[in-house]
Protein chains: 2
Amino acid sequence: MVSILLMVKIMKNEVRKFQEFVRRNKLLWSNEREIIAEQVFENHFHFTADELFIQLDQKGKNISRATVYRTLDLLERGKLVGKIQLQSGKHIYEHIFGHQHHDHLICQECGKIIEFHNDKMEKIQKKISRKENFEMQGHCLKIYGICSKCQKK
Amino acid sequence: MVSILLMVKIMKNEVRKFQEFVRRNKLLWSNEREIIAEQVFENHFHFTADELFIQLDQKGKNISRATVYRTLDLLERGKLVGKIQLQSGKHIYEHIFGHQHHDHLICQECGKIIEFHNDKMEKIQKKISRKENFEMQGHCLKIYGICSKCQKK
DNA sequence: TTAGGGTTGAGATTTGGTCTCAATCTTATT
DNA sequence: AATAAGATTGAGACCAAATCTCAACCCTAA
Ligand SMILES: [Zn+2]
Ligand SMILES: [Zn+2]
Ligand SMILES: [Zn+2]
Ligand SMILES: [Zn+2]
């Protein structure tokens, strides 16, 4: 009688993408990178590096802040997550992979973030860059103001 | 024989505007505020708080960092200077008074900043805000890429 | 199994900026 | 001009976010 144990690691598509990116860049795939990526792709909106660190900590994963920061950098370089700077100077992260590019409306009162995408604006930006002989790589548009809920208060 | 000495302080228009703002807000007009404002309006492009502090220091003005930061905040509140956040997290300042609103192209290679203004884009932003019932107060658009000079390298 | 080299954790360090508070200055009022 | 109330300042302590250090450890290819 023969028993075959087949270990197949179920890996989220996004995590696998990250793994591919890491390998493609001749870096090593570590446990920590996998755990962090998993958590990142469980967060379905914006989060800070420290929030992510605390989430992991609460799950009993002992991963240092440094590694969280380092891995978020890697994820950003791989274009799997985006990094956005708030006016306060703090950074927040969000998925990119599988999501359409978008910009943000940010409420100055409660911090609420509304996402939007506008093709016409994207095109204008490309046009402006061309006119200046500027090789556009990316952009960052944030509209600051007061959200509808906070206006009522 | 009578001799009249008339002391008239020559003050740049921009500095006077700041003085008016300070007085309007029931704050006091100090020597430090005047010296800082003068230096600010001598800078005809973007500068950091620390650069400003060093400029003043090199001129022999003994003004503390704290006061420089505090005064820049005030100038910003008075809408006399604008504060822009770079991707690195650093802030740069620039005149606003007497200048048209504009956005920035920022070279990732050499740091060069090109200013531009596009009315159509401003309008689209207002439209987007209206649609979301968002009371727009301001916005920040930065286009990142490589300037023509750096492309040639 | 091993060697070479990438990765990690703990904590120190850096950075850009803010806060504290006693001394000082500004301004309005006598 | 003197005074009093309150705003401003400077020096340095402090802060949070992020980065760096380096020895111990882990991954991978051979
Ligand atoms: Zn709100
Ligand atoms: Zn978003
Ligand atoms: Zn350049
Ligand atoms: Zn500008």
Side-chain angles (χ1 to χ4, degrees), chain A residues 9 11 15 18-39 46-57 59-78 81 83-93 111, chain B residues 7 9 11 15 18-37 39 46-57 59-78 81 83-93 111:
Chain A
K9 194 148 212 177
M11 215 187 264
V15 178
F18 182 42
Q19 192 185 40
E20 281 166 27
F21 170 78
V22 166
R23 295 237 148 96
R24 203 160 52 241
N25 285 70
K26 311 245 179 293
L27 302 172
L28 308 185
W29 185 242
S30 70
N31 238 313
E32 288 80 0
R33 285 178 179 168
E34 182 164 337
I35 292 169
I36 293 169
E38 270 168 6
Q39 186 61 47
H46 306 90
F47 58 92
T48 66
D50 212 61
E51 278 162 13
L52 187 66
F53 169 74
I54 290 167
Q55 286 179 339
L56 292 166
D57 193 57
K59 282 191 175 179
K61 317 284 188 187
N62 274 94
I63 295 179
S64 78
R65 258 193 185 74
T67 300
V68 171
Y69 276 98
R70 288 190 281 233
T71 305
L72 282 171
D73 273 3
L74 256 192
L75 282 159
E76 195 199 356
R77 281 201 267 148
V81 311
K83 187 178 187 179
I84 303 145
Q85 207 174 25
L86 303 182
Q87 260 186 334
S88 63
K90 284 176 192 162
H91 290 105
I92 54 177
Y93 294 86
Chain B
M7 287 283 292
K9 194 148 212 175
M11 214 187 265
V15 178
F18 181 43
Q19 191 185 42
E20 281 166 27
F21 169 79
V22 166
R23 294 237 148 94
R24 204 159 53 241
N25 285 70
K26 309 246 179 297
L27 301 171
L28 309 186
W29 186 242
S30 69
N31 239 313
E32 287 81 0
R33 284 178 179 169
E34 182 164 337
I35 293 169
I36 293 170
Q39 187 61 47
H46 307 91
F47 58 91
T48 66
D50 214 60
E51 278 163 13
L52 187 65
F53 170 74
I54 290 166
Q55 285 180 338
L56 292 165
D57 194 56
K59 283 192 173 179
K61 316 286 190 185
N62 273 94
I63 295 179
S64 78
R65 260 194 182 73
T67 300
V68 171
Y69 276 97
R70 286 190 283 233
T71 305
L72 282 171
D73 273 2
L74 255 190
L75 282 158
E76 195 199 356
R77 280 201 269 146
V81 311
K83 188 178 188 179
I84 303 147
Q85 207 172 25
L86 302 182
Q87 261 186 331
S88 64
K90 285 177 193 163
H91 290 105
I92 54 177
Y93 294 86

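Chain A is the first sequence line, chain B the second, and so forth, proteins listed ahead of strands; every chain is numbered from 1. Hydrogens, waters and symmetry mates are skipped; everything else that's a heavy atom, side chains included, is used.
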- Message: Below 30° counts as parallel, above 60° as perpendicular, anything between as tilted: where do the rings of F47(B) and Y93(B) land?
- Response: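 The arrangement is parallel - the two ring planes meet at less than 30°.
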- Task: Check every strand shown and say whether D50(B) touches a base, only sugar-phosphate, or nothing at a heavy-atom separation below 4.0 Å.
- Result: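 It contacts nothing in the nucleic acid.
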- Within the structure shown, what part of the strands sits under 4.0 Å from K90(B) by heavy-atom distance: base, sugar-phosphate, or nothing?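 Here K90(B) touches the backbone only, sparing every base.
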- Report yes if a side-chain nitrogen or oxygen of H91(B) is closer than 4.0 Å to either non-bridging phosphate oxygen (OP1 or OP2) of dG16(C); otherwise report no.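 No, H91(B) has no side-chain N/O under 4.0 Å of OP1/OP2 on dG16(C).
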- Query: Are OP1 or OP2 of dG17(C) and a side-chain N or O of Y69(B) less than 4.0 angstrom apart?
  - Reply: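 Y69(B) to dG17(C) OP1/OP2: side-chain N or O found under 4.0 Å.
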- Task: Would you tell me whether Q39(A) and K59(A) have side-chain atoms, one donor and one acceptor, within less than 3.5 Å of each other?
- Result: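 Distance-only check passes for Q39(A) and K59(A).
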- Atom pair CG/CZ of N31(A) and R33(A) - distance to nearest 0.5 Å: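 Atom-to-atom, N31(A):CG and R33(A):CZ are 11.5 Å apart.
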Atom pair distance, as rounded to whole Å: [atom1] in [X] and [atom2] in [N]:
{"X": "E76(A)", "N": "dA18(D)", "atom1": "CD", "atom2": "P", "result": "11 Å"}
{"X": "Q19(B)", "N": "dT8(D)", "atom1": "CD", "atom2": "P", "result": "14 Å"}
{"X": "N62(A)", "N": "dC26(D)", "atom1": "CG", "atom2": "P", "result": "14 Å"}
{"X": "I63(B)", "N": "dA11(D)", "atom1": "CD1", "atom2": "P", "result": "11 Å"}
{"X": "I35(B)", "N": "dT8(D)", "atom1": "CD1", "atom2": "P", "result": "16 Å"}
{"X": "D57(A)", "N": "dT8(C)", "atom1": "CG", "atom2": "C1'", "result": "16 Å"}
{"X": "L72(A)", "N": "dA17(D)", "atom1": "CG", "atom2": "C1'", "result": "13 Å"}

- Item | Given DNA chain C, 5'-ward residue of the pair R65(B) and L74(A), judged by closest heavy atom |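 Taking each residue's closest nucleotide, the earlier one in sequence belongs to L74(A).
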- Message: Could you tell me if the side chain of L74(A) sits less than 4.5 Å from the side chain of L27(A), heavy atoms only?
- Response: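 Side-chain contact under 4.5 Å: yes.
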- Query: Who pairs with H91(A) by ring-ring contact (aromatic ring centres under 6.0 Å, His included), at least two apart in sequence or on another chain?
  - Reply: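 Counting only residues at least two positions away or on another chain, H91(A) forms no ring-ring contact (aromatic ring centres under 6.0 Å, His included).
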- Query: Does R65(A) reach the main-chain N or O of A49(A) with its side chain, forming a donor-acceptor pair under 3.5 Å?
  - Reply: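 Not at all, since once roles are kept as given, no pair shorter than 3.5 Å links the two residues.
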- Heavy-atom contacts, protein to nucleotides 20-30 of chain C, under 4.0 Å, summarised as B (base), S (sugar-phosphate only) or - (none) per nt, yield B-----SS---
